[in-house]
A.B. asks: 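Structure incoming, see below.
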Amino acid sequence: MSTLRSVKGMNDILPSEVTAWRHLEETFRTVAAAHGYGEVRTPLLEPTALFVRSIGDTTDIVEKEMYTFEDQGEKQLSLRPEGTASAVRAFVQHSVHAQSPITKWFYIGPMYRRERPAKGRLRQFHQMGLEVYGDPGPFVDAEMIDMAVSFLAALGITDVEVRVNSLGSGASRVAYREALLAFLEPQRAVLCADCQRRMEKNPLRVLDCKVPTCAEIAAKAPSLLDHLDEADTEHFAGLRAALDALGTPYVVDPSVVRGLDYYSRTIFEVRGLGGDLGAQNTLLGGGRYDGMVKSMGGPDVPALGLGIGIERLLLAMPEKPTAPAPDAFIVALRPEQRTAALLLGKQLRAAGLRVENDLRGQSLKSQMRRSDSLGARFALVLGESEVAAGTVQVKDLRASTQVELPVGEVAQAIHAAITPA
RNA sequence: GUGGGUGUAGCUCAGUGGUAGAGCACUGGAUUGUGGCUCCGGUGGUCGCGGGUUCAAGCCCCGUCACUCACCCCA
């Protein structure tokens, strides 16, 4: 309609939705605080090189999805496509490792990827993330996964599936890549075009292909888990044992490989199975990136993290909270009573009540209707005689009863009625 | 980037070439000063945009834009 619209894939969040957003964020903050995570806030804009180096220069994200521009001819900057790179950068930049052996951070904010929008996928989307530096795991890995599942449950999202895998580390990872390529090469021609391309860029992704022919081949491919070295195998076994001990249900899925290059050892994702989710049903994903801090110029500190997609959580939530209804709605019978309505409103709000009104001078019927549609518990009617007597007609809209009270007693009467026994 | 679907009132949508509609929402009234239920009335439209065919186009044709879903990728 209008010629001026928000940018494609970047949505306004109107007050009717913000209540649910806040509920979600507050729930996350509570869970994070309970686990000792502190909030970190980093810039939305970073040097492009940060993402190229951390996420990987052959990933889709940096190859074609970043919003990148030149800052007045000086530097290449990019809008952050995810949160981990910035967090690690901040961790290194401020030598946080020197202050404490373990650092736990969380963040909440918008991320930007220039993809074609679809259900559950936007160009500006929002993530809540966790970062842990200094603990090699695997116990903390299990704790983070369990924490994520508990968080989802606190939002009423219980129809989920946890998938875990291990990518190994160092030499074992390189060895597996070789073995996989050796297996795929003879069958190259049978693979779909995308997979032939994947063989060059990130062969692990072939394991994740949904094209039936490719999936058939992938099923026979050598398992990454068979190529883990002793330490990696032990780490992964430790993760599973800890998850078992916590009673967190999960499945080991060797096809979970994730799209960012920096992961090592533990990776996981949680998919939502219910709600209004479309094809994009990954609610959260994460893993371990033990080499990243060092590769960014910091000390050799192991790290682990996850990112949760807020918009997808909202799609998956079975019930979303709405804004609380006003305690009272003040009705000025005629325009002449608007000053009295103004004063009564100020007084009741000072007493801690949520009070609405309509000061346009609408009809009584209109104001009463509005009291009802807003869900106000009380309608407070001021007419000529009430103003003269210093009283208010206090109507309980639920019980349909009405009493006339002195102005000074209204706040207390409402408090008494709305306070749960 | 590729493919499909949809664009008509603020919202959800009907309208099968011949006067632009319904429900919801908003609003006035039925009830001198009382909401919900019901009834009567009212406000609200460049039918996404441009071109074409036709006596006549919301409807048919072409183009274009937007939104949306899927692929891809991922949160």
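Letters go in sequence order (proteins before strands), and every chain restarts at 1. As a basis for the values below, the full set of heavy atoms in this structure was taken, side chains included, without hydrogen atoms, waters or symmetry mates.
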A.B. asks: Would you say A/T282 reaches B/C74's phosphate, i.e. side-chain N/O to OP1/OP2 under 4.0 Å?
C.D. replies: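 No, no such contact exists.
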A.B. asks: Using the side-chain heavy atoms of A/M368, tell me which of these nucleotides is nearest: B/C72, B/G33, B/G35.
C.D. replies: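 The answer is B/G35, which lies nearest to the side chain.
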A.B. asks: Quick check on B/G35: is either OP1 or OP2 less than 4.0 Å from any side-chain nitrogen or oxygen of A/S371?
C.D. replies: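 No, no such contact exists.
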A.B. asks: From the set B/G36, B/U34, B/A66, return the single nucleotide nearest to any side-chain atom of A/D372.
C.D. replies: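 Closest nucleotide to the A/D372 side chain: B/G36.
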A.B. asks: Regarding A/R113, tell me which of base, sugar-phosphate or nothing describes its non-hydrogen contacts under 4.0 Å with the strands shown.
C.D. replies: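 Touches a base.
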A.B. asks: Report the relative orientation of the aromatic rings in A/W105 and A/Y133; use parallel for angles under 30°, tilted for 30 to 60°, perpendicular for over 60°.
C.D. replies: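 Rings of A/W105 and A/Y133: perpendicular, over 60°.
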A.B. asks: Identify which nucleotide among B/G29, B/C73, B/U34 has an atom closest to any side-chain atom of A/R121, counting heavy atoms from C-beta outward.
C.D. replies: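 Out of B/G29, B/C73, B/U34, the nucleotide with an atom closest to A/R121's side chain is B/C73.
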A.B. asks: Considering only the C1' atoms, how many Å lie between B/G35 and B/A30, rounded to the nearest integer?
C.D. replies: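 Per the computed distance, 16 Å lies between those C1' atoms.
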A.B. asks: Taking OP1 and OP2 of B/A70, is either one under 4.0 Å from a side-chain nitrogen or oxygen of A/Q280?
C.D. replies: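 Yes, within the criterion.
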A.B. asks: Identify whether any heavy atom of A/E269 sits under 4.0 Å from a base atom; if not, whether one sits that close to sugar-phosphate; answer base, sugar-phosphate or nothing.
C.D. replies: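 Nothing: the residue A/E269, judged by heavy atoms under 4.0 Å, touches no strand.
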A.B. asks: Under 4.0 Å, heavy atoms only, any strand: does A/K365 hit a base, just the sugar-phosphate, or nothing?
C.D. replies: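 Base, at least one base atom sits under 4.0 Å.
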A.B. asks: Hunt down the Watson-Crick or G-U wobble partner of B/A66, both distances under 3.5 Å, from any strand shown, or write none.
C.D. replies: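 Base-paired to B/U6.
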A.B. asks: Any side-chain heavy atom of A/L374 sitting closer than 4.5 Å to one from A/P326?
C.D. replies: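 The answer is yes, as the side chains (C-beta and beyond) meet within the 4.5 Å cut-off.
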A.B. asks: Quote, to the nearest angstrom, the P distance that separates B/C13 from B/U31.
C.D. replies: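 That atom pair is separated by 38 Å.
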A.B. asks: Are any of A/K395's side-chain N or O atoms less than 4.0 Å away from OP1 or OP2 of B/G35?
C.D. replies: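 No, no such contact exists.
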A.B. asks: In Watson-Crick or G-U wobble terms, both distances under 3.5 Å, what is the partner of B/C11?
C.D. replies: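 Result: B/G23.
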A.B. asks: Identify the residue among A/I310, A/L130, A/L155 that makes a side chain to side chain contact (heavy atoms under 4.5 Å, CB included) with A/F28.
C.D. replies: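 Testing each of A/I310, A/L130, A/L155 against A/F28, the sole residue satisfying side chain to side chain contact (heavy atoms under 4.5 Å, CB included) is A/L130.
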A.B. asks: Across all strands, who's sitting opposite B/G1 as a Watson-Crick or G-U wobble pair, both distances under 3.5 Å?
C.D. replies: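 B/C71 is the nucleotide pairing with B/G1.
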A.B. asks: Go through the side-chain N and O atoms of A/S169 and A/D232 and say whether any donor and acceptor fall under 3.5 Å apart.
C.D. replies: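 A donor-acceptor contact under 3.5 Å links the two side chains.
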A.B. asks: Base, sugar-phosphate alone, or nothing: which one does A/R360 contact when heavy atoms must sit under 4.0 Å apart?
C.D. replies: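 If one applies the 4.0 Å heavy-atom cut-off, A/R360 turns out to touch the sugar-phosphate alone, with no base involved.
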A.B. asks: Would you tell me if any nitrogen or oxygen in the side chain of A/R369 comes within less than 4.0 Å of OP1 or OP2 on B/G36?
C.D. replies: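 So the side chain of A/R369 is within the cut-off, an N or O lying under 4.0 Å from OP1 or OP2 of B/G36.
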A.B. asks: Base, sugar-phosphate, or nothing for A/L333, non-hydrogen atoms under 4.0 angstrom?
C.D. replies: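 Counting heavy atoms under 4.0 Å across all strands, the contact made by A/L333 includes a base.
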A.B. asks: Pick base, sugar-phosphate or nothing for A/A379, based on heavy-atom distances below 4.0 Å to the nucleic acid.
C.D. replies: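 Result for A/A379 = nothing.
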A.B. asks: Hey, does A/S363 reach any base, or is it just sugar-phosphate, or nothing, if we go heavy atoms under 4.0 Å?
C.D. replies: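 Contact class for A/S363: sugar-phosphate only.
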A.B. asks: Of all the choices, B/C73, B/C67, B/G33, which nucleotide is nearest to the side chain of A/E115 once you look at every atom?
C.D. replies: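 For A/E115, the side-chain atoms sit closest to B/C73.
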